[in-house]
Amino acid sequence: MTLLPEVLKLGATSQTITISGANFQSGATVTVSGIGVTVSSATVNSATSISVILVATSTAATGTRDITVTNTDGGTTTLAAGLTVTLKPTPSSTTPTSLAVGAASKALVVTGTDFDATATVSFSTADITIVSSPVTNSSRIDLVVSVSAAATVGTRTVTVTNGDGGVGSIAGVFSIVAASTLTINGVTPATRGQGATSQSIVITGSGFVTGATTTFSGTGVTVATTVVNSATQITTTVTVAAGAAVGLRDVTV
């Protein structure tokens, strides 16, 4: 009986691996060296393949482990360093720390350690939809998410799952909050000429929060910056194209 020398990876969660080799018998058992990794089940698919479900505790030591297969007739063989236990991902914070009910296509950054190139993010409730989730590096994942208009207010657990099955979660760092009630009372100055560049416009109202954005209806008015001065005032810098249509525009915060 022989085992093919291949390295199998496992994160800190239940994971199915396939052991390839020769002369496996029905009823063969599998063991893994060291502590923190246990064999949940072993199924002999054929004389050359065994499917094994392994469970690694969150405190299992990282590094290589030996895999041993024992046939029912007592024949045994070991593949040294056949399994590698890798560090699980550890999310630690999000930016921003909250989004409002109904928020659409908002950027969200998850920071932590030991994210791999194919790491994915999930939340403890289904009312947050991930639009995209590229991994920036081992300590940062950039997401674009949308929050359902029917989402409930409260905290969410954020979970990162690496491509090798490693899983890490954190609770209490991200929450869904009630949507703000916004009002706009006025815009000063209320007119800008065609071709005007880098013009500061002050918007007054109520319910403004840090990170608010501003837009103007139609085309030809481009917003360069938006600064929330307070809950009642925003300063936005705009440029008006030389060919912008004259007339009234709607202002949206």
Side-chain angles (χ1 to χ4, degrees), residues 1-72 75-92 94 110-126 128 130 132-143 156-171 173-174:
M1 178 172 59
T2 61
L3 297 179
L4 296 182
E6 58 183 277
V7 176
L8 305 172
K9 291 185 176 181
L10 179 72
T13 186
S14 177
Q15 184 80 11
T16 299
I17 67 171
T18 299
I19 300 175
S20 301
N23 302 318
F24 300 147
Q25 296 176 345
S26 178
T29 59
V30 177
T31 57
V32 177
S33 64
I35 59 175
V37 179
T38 58
V39 176
S40 176
S41 67
T43 302
V44 178
N45 305 312
S46 68
T48 60
S49 174
I50 301 176
S51 294
V52 182
I53 298 178
L54 300 177
V55 177
T57 65
S58 60
T59 57
T62 59
T64 59
R65 305 294 182 95
D66 299 338
I67 298 177
T68 298
V69 176
T70 303
N71 276 341
T72 54
T76 185
T77 189
T78 298
L79 175 61
L83 176 74
T84 299
V85 177
T86 60
L87 286 170
K88 70 174 182 177
T90 305
S92 58
T94 68
V110 178
T111 54
T113 58
D114 300 307
F115 303 150
D116 73 14
T118 57
T120 58
V121 177
S122 60
F123 297 89
S124 52
T125 57
I128 302 173
I130 296 177
S132 65
S133 54
V135 176
T136 302
N137 55 50
S138 62
S139 60
R140 171 178 171 144
I141 302 175
D142 286 87
L143 307 171
R156 302 293 192 271
T157 296
V158 181
T159 298
V160 176
T161 303
N162 276 344
D164 64 8
V167 177
S169 298
I170 187 167
V173 299
F174 179 74

Name all residues meeting the side-chain hydrogen bond (donor to acceptor under 3.5 Å, both in side chains) criterion together with Thr90; count only those two or more places apart in sequence or in a different chain, and write none if there are none. none

Could you tell me which non-hydrogen atom of Ala119 sits nearest to which non-hydrogen atom of Val135, and how far apart they are? O-CG2, 3.5 Å

Please name all residues satisfying side-chain hydrogen bond (donor to acceptor under 3.5 Å, both in side chains) with Thr111, sequence neighbours left out, ordered by chain then number. Ser93

Partner set under side-chain hydrogen bond (donor to acceptor under 3.5 Å, both in side chains) for Asp116, not counting sequence neighbours: Thr118

Residues in side chain to side chain contact (heavy atoms under 4.5 Å, CB included) with Thr136, at least two apart? Arg140, Asp142

With sequence neighbours excluded, residues passing side chain to side chain contact (heavy atoms under 4.5 Å, CB included) with Ile170: Pro91, Val158, Val173

Using atom types as modelled and distance alone, determine if a side-chain donor or acceptor of Asp164 lies under 3.5 Å from a backbone N or O of Gly166. yes

Would you be so kind as to tabulate the donor-acceptor pairs closer than 3.5 Å made by side chains of residues 39-47, with sequence neighbours excluded?
residue	atom	partner	partner atom	Å
Asn45	ND2	Ser49	OG	3.1
Asn45	ND2	Ser51	OG	2.8
Ser46	OG	Thr48	N	3.2
Ser46	OG	Thr48	OG1	3.2
Ser46	OG	Ser49	N	3.3

If the condition is side chain to side chain contact (heavy atoms under 4.5 Å, CB included), which residues does Ser124 pass it with, not counting sequence neighbours? Arg156, Thr157

Look up atom CD1 in Ile128 and atom CZ in Phe174, then write down how far apart they are to the nearest 0.5 Å. 4.5 Å

Identify, with sequence neighbours excluded, every residue that meets ring pair (Phe, Tyr, Trp, His ring centres under 6.0 Å) alongside Phe115. none

To the nearest 0.5 Å, atom CG of Leu54 lies from atom CG of Leu83 at 6.0 Å

For Ser33, side chain to side chain contact (heavy atoms under 4.5 Å, CB included) partners two or more places apart: Arg65, Asp66

Residue set satisfying side-chain hydrogen bond (donor to acceptor under 3.5 Å, both in side chains) with Thr64, at least two apart, ordered chain then number -> none

